Structures are given as C-alpha cells and as structure tokens.
There are 2 protein chains.
Amino acid sequence: MNRQDQKGGSVPLELENFLPYRLNVLAETVSQSLARFYESRFGIAIPEWRVVATLGQYARMTAKDIGAHSRMHKTKVSRAVASLENKNLVKRQPNIEDMRESFLELTSKGKKVYAELTPDALAFSRALVASLSPEEQKSLERILERLTETSFQLADQMLQEKEKG
Amino acid sequence: MNRQDQKGGSVPLELENFLPYRLNVLAETVSQSLARFYESRFGIAIPEWRVVATLGQYARMTAKDIGAHSRMHKTKVSRAVASLENKNLVKRQPNIEDMRESFLELTSKGKKVYAELTPDALAFSRALVASLSPEEQKSLERILERLTETSFQLADQMLQEKEKG
DNA sequence: TGAAGATTGTTGCAGGTGAAATCAATTGAC
DNA sequence: GTCAATTGATTTCACCTGCAACAATCTTCA
C-alpha cells in the first residue's frame, strides 16, 4: 500500500483528477475572470493591477519591493510601472540616498482607480469563499499555505533525485 | 456586517490574502516545479505533457477532443501535437469518415514516456496531498470543484452588472 | 582613493500565447 | 447537384514573458 506500482499501465493518471492540473485550471479561470473585469473597467492588466494593489496598501515603495511583495519578476514590474506611468496612475520620485532606485506612489487618479477597484475585487474574492462551507473555508487557508510550501520542496527534491541519484 | 463598506480607503486589500492572487502563486509554483521536471527528464513542456497524459488515458482522440478534455486552446493543442510529432511521441491517422480531423495516438516511444512519467507525476501529486491533514484532504476536492464553478458564474455576473447595469 | 563586484532597473531578444484570419472538408438548404 | 454556412485544424499577427545583457549607481576593501 505504501509503495506505488511502477508499471506505467497499472497506474491510472486521470488529468481531471491530477492536482497540479486542477490548480492550474482553477487559477486560470479565476484570473481570466478578473482580468476581463479589470480590463473592461479600467484598461489595466493583471501585473498592473498587482502594482496598484501593492501601492494602495503600502503607499510608497521601490520597484524591487513591489516585486518581492507581489512575487513578480523585475522585468514584469518594470513594464507594469512604465505602463501605469503612461496612464498617469503611478508617479516616480527619486530616492536621493540611492539614485539607482525610485520611490513609486499612486497619483490621485491612481488612488481613485484603486478605491473603485478594491470593493469589487474584494467582493469577488468573498463571493468565491462564500461558496464554500464554513468548514471548507477554515481549511482553505492552511491548504493554500501547505501546498505552496510543499511544492517548493518537492521540486528541488525530485530534480536532485533524478539528476544525481 | 453583511454589506461591505464602499469607501475605498476603509476596505483593506492585502494582496497576500487575496484569494485570486494566492491561487495564482500556488498554481505557478506547482506548474514551474513540474515543468522543470518534465523538461529535464523528457524535453517536453506542459501543454505537451497534457496531450501525452490525455492520449495515455484515452489512446485515440482528435485534437478537438484533446482540447476539450485538457481545457486547452485549440492552437495550443495544435502546436503541442506538432511538437510531439517531431519528437516521434505522437502519430496521426486520418479519419476516413471526416478528413478535416485526424485521430491521434501515442507512438511506442510516446507510450514509454507516458509510462515513465506517470509514476513520478502521481508521486508528486500524492506528496502534495500528503502534506495536508486528513480533514484538509477531505475538503480539498470540494473546494476545487466549488471555486472553479463559482468563478465561472461570477465572471459573467460581474461583467453583466458593470457593463449593462 | 579607486577598481572590482554587487545591486537596481531597463531593454533586446527569443519563445509562447490567444484572437482573428485562413484553409480544407463537410453539412445543409434549396 | 450546387452554393452558402459550418466545422476542425493551422497559420498569422500582435502581445506578453523571462533570460541575458546592459547602464547606472552604490559598496567594499585593499
């Protein structure tokens, strides 16, 4: 019972029950729903929305910190910020103590977009959660944490075993 | 308590607790872990793996059916199949009754890749689930189903309200 | 001081993606 | 039977992405 059968044919793999696949489909569905919404209402894409949300929360940050907080690649942040500057939603202020970086803030127009977008985004998120039973809601938090953490560990582990072992 | 406060500033939105964001980070983490694994072991990408998995399960399908089953855009399927043909993992057989489509199957080499890949993929999936408590595992299935279903509904709902209402 | 190395952010490039156009084959209406 | 509409699959195009190279600016340490 503990060891899995190594014969390929005897181990059914059903894509529709395969967790990584299901997580992808779910995330994609949710993302696309929200992306269509952001786009149709404010003409911004997801990376831009993440920057706006981060600056809405922290008011003043460097691009590096935005990337760390929203887990976005630095080039993604750079391009999202550039696009938001063009739309006059974000402004840049030099950091006199370190001229490599700038402080970024929402403009008043940016704050307005944030204030309008936030209630709907939260409503969407809450509606998702509300479709779960109280018990499931309670599990959700831990499930997300655990799976994210575990997948990091497994990736390294599997690669090492197969490549070196 | 039931109605959310509509004033933007008074509704905190923390990206790190925002469900759509967290689902994305999780799916991305899991995907990248697996993608690195598929790639390093067999030189195939995720869309290709999905095609292989689907054909491993159903043996003989058209491109359209593969797309429906794996929820992939038809162009994605088309390109994944083309790539798998080049690698001699998939072969194409004309459907004499409808020459627009072809039946696709794994070659013997493709079956071998499937047989080798499946145990590890399942082990990865099982290890993810095993990091959860029995109770959380029990919730997981329903949570995924519910959230996927609900996000479909919400998308339409929100767009209709905002665009037309 | 100043030269090597690190860090922040931007850009060129190559690869992947979906929408729309297109091609090939089939079906339906007359 | 024939032509328009439909369907399955591919290709074109424009866009987004991450890697790698780069520029600008600090930091380190001899």
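In the text below, chain A, chain B and the rest are named by the order of the sequence lines, each starting its count at 1. Given the structure is predicted, the values throughout are model-derived calculations rather than measurements.
The aromatic rings of A:Phe18 and B:Trp49 lie perpendicular to each other, with more than 60° between the two planes, well past the 30° mark. Ring geometry for B:His69 against B:Tyr58 counts as perpendicular: the plane angle is over 60°, on a 0 to 90° scale with 30° as the lower cut.
For the pair A:Asn95 CG and C:dG9 C1', the interatomic distance rounds to 13 Å; values are reported in whole Å. Following rounding to the nearest Å, B:Lys74 (NZ) and D:dT10 (P) show an atom-to-atom distance of 10 Å. As rounded to whole Å, 9 Å separates atom P of C:dT17 from atom CD1 of B:Ile46. The interatomic distance linking A:Glu28 (CD) with C:dG18 (C1') rounds to 11 Å, in whole Å. Across the protein-nucleic acid pair, A:Gln93 atom CD and C:dT8 atom C1' stand 18 Å apart, rounded to whole Å. When the P atom of D:dG8 is taken as reference, atom CD1 of B:Ile96 falls 19 Å away, rounded to whole Å. Separating the CG atom of A:Leu104 from the C1' atom of C:dG9 is a distance of 11 Å, rounded to the nearest angstrom. Rounded to an integer number of Å, the gap from CD of A:Gln32 to C1' of D:dC16 is 14 Å.
For residues 62-71 of chain B, proximity to DNA chain D is found at B:Thr62, B:Ala63, B:Lys64, defined as any non-hydrogen atom under 4.0 angstrom from a strand atom.
Comparing C:dT8, C:dT11, C:dA19 by their closest approach to the side chain of A:Ser78 singles out C:dT11. You'll find that the side chain of B:Arg100 is closest to D:dT7, out of C:dT17, D:dT7, D:dA24. When the nucleotides D:dC19, D:dT11, C:dA24 are ranked by their closest atom to the side chain of A:Arg79, D:dC19 comes out on top. Comparing atom distances between the A:Glu101 side chain and each of C:dA25, D:dA9, C:dG9 picks out C:dG9 as nearest. Which of D:dC26, D:dG18, C:dG18 sits closest to the side chain of A:Met99 comes down to D:dC26.
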**Request:** Please step through salt bridge (charged side-chain N to carboxylate O under 4.0 Å, His left out) for the pair B:Glu136 and A:Arg146, ending with a clear verdict.
**Result:** CA-CA 10 Å; B:Glu136 286 155 2; A:Arg146 270 301 170 91; 5.6 Å; no
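Formation of a donor-acceptor pair under 3.5 Å by the B:Thr54 side chain with backbone atoms of B:Arg50 is found in this model.
The 5' end of DNA chain D is approached more closely, in terms of each residue's nearest nucleotide, by A:Pro47 than by the other of A:Pro47 and A:Asp98. When each of B:His73 and B:Glu97 is assigned the nucleotide of DNA chain C with its nearest heavy atom, B:His73 is the one assigned upstream, toward the 5' end.
Looking at heavy-atom distances under 4.0 Å, A:Lys76 makes contact with sugar-phosphate atoms alone, never a base.
Heavy-atom neighbours of A:Glu14 CD from other residues, nucleotides or ligands within 6.0 Å: above the threshold of 12.
B:Asn24 and A:Ser31 are linked by a side-chain donor-acceptor pair at a separation below 3.5 angstrom, with hydrogens and angles left out of the test.
A close approach under 4.0 Å does occur between a side-chain nitrogen or oxygen of B:Arg92 and OP1 or OP2 of D:dT10.
Between A:Lys87 and A:Glu48 there is a salt bridge, with a side-chain nitrogen of the basic residue lying less than 4.0 Å from a carboxylate oxygen of the acidic one.
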